[in-house]
Amino acid sequence: MFYSPKHAQASTSSTTRRRIAGVAVAGATAAVGSVATAQSASASTSNNVWDAVAQCESGGNWSISTGNGFYGGLQFTSQTWQGFGGGQYAPNANQATKAQQIEIAQKVLQTQGPGAWPVCSQKAGLTASNGMTGGSAAPAQEEAPEQASRSEARTAPQQEQAPQEQAGSLAVDGIRGPLTNAAIEKWVGANADGVLSTDDIKALQAKVGTAQDGIIGPKTTGAVQALTGADQDGIWGPKTTSALQTYLNGQGL
């Protein structure tokens with residue numbers, strides 16, 4: 001979804017970017033408008049945890065644009081920024097205010113969980129709870145690699161990789177994090193690393209019988225919804241994720 005922070009280079013590997021973009025766009029439309037105004041208000045006051053994420057992602061520069069395709073303090077791609085409603089504020093995140101960037105980040109957090117920032121969420125102690133209130137950072141779990149950046153290969157957070165857990169044990173929480181992604185990958189016959197790549201999405205599309213373009217759009221979402229019994233509105237949000245989690249549990253994944 002995001003980033004190559006203070007080490008950003010225009011030549012950064014496009015392969016990882018494609019992997020990131022494939023994950024980031026999922027559920028974007030459904031998340032728009034789902035975060036309450038009160039949460040937006042809190043984003044403009046105490047944002048310790050988001051400051052910590054931004055420090056890791058971009059050196060704390062909320063206006064950064066280095067020409068590498070990632071923008072602002074939390075390093076959004078244009079696709080993610082627009083998909084989660086940031087276009088109402090500015091064409092790209094670096095042109096929006098800090099509070100506006102945090103508001104959009106909260107929408108991403110609500111849909112994808114802290115794993116949307118796979119390295120920096122751990123380093124900053126970002127959680128689904130403190131990220132929605134702008135509270136203090138939780139204690140970091142394991143120290144991130146020193147040169148951590150989104151331009152590096154993404155791996156699922158250490159505490160969530162857990163393929164050792166028994167099959168069918170997904171939490172039906174509406175958050176498509178690494179465990180749910182890994183279950184999807186196992187279901188479609190891909191390598192279960194907890195990060196949906198473009199190839200993984202194509203495999204998902206083949207599984208549900210839609211065009212294999214590597215982008216989770218309304219047709220792919222509608223096909224998943226039809227298979228899992230969710231409302232078929234073509235918008236991937238928490239209800240669709242919950243229905244898929246229930247379905248995957250039923251498949252023993």
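Computed over heavy atoms, backbone and side chain alike; hydrogens, waters and symmetry mates excluded.
Every side-chain contact (heavy atoms from CB on, under 4.5 Å) that A90 has, sequence neighbours left out, goes to Q95, A96. Partners of T246 by side-chain contact (heavy atoms from CB on, under 4.5 Å), not counting sequence neighbours, listed by chain and number: V172. For D199, the side-chain hydrogen bond (donor to acceptor under 3.5 Å, both in side chains) test picks out no residue, with sequence neighbours left out. Applying the side-chain hydrogen bond (donor to acceptor under 3.5 Å, both in side chains) criterion to N191, with sequence neighbours excluded, gives no partner residue. Judged as a ring pair (Phe, Tyr, Trp, His ring centres under 6.0 Å), and not counting sequence neighbours, W62 has no contacts. T220 meets the side-chain contact (heavy atoms from CB on, under 4.5 Å) test with Q205, T210, I216; sequence neighbours excluded.
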Does the pair N61 and S58 meet the rule for a side chain to side chain donor-acceptor pair (under 3.5 Å), with working shown?
CA-CA 6 Å; N61 185 345; S58 63; over 6 Å; no
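The main-chain N or O of D193 is found under 3.5 Å from a side-chain atom of E185 such that the two form a donor-acceptor pair.
At a cut-off of 3.5 Å, with distance as the only test, a side-chain donor of D200 or S197 sits close to an acceptor on the other residue. In summary, the side chains of N94 and S63 do not present any donor paired with an acceptor at a separation below 3.5 Å, with no hydrogens or angles considered.
Other residues, nucleotides and ligands contribute more than 12 heavy atoms inside 6.0 Å of the CG atom of D213.
Of all the heavy atoms in V208 and L227, the pair that sits closest is CG1-CD2, 4.2 Å. When all heavy atoms of I235 and T221 are compared, the closest pair comes out as C-CG2, 3.6 Å.
Between W81 and Y89, the ring-plane angle classifies as tilted under the 30° and 60° cut-offs.
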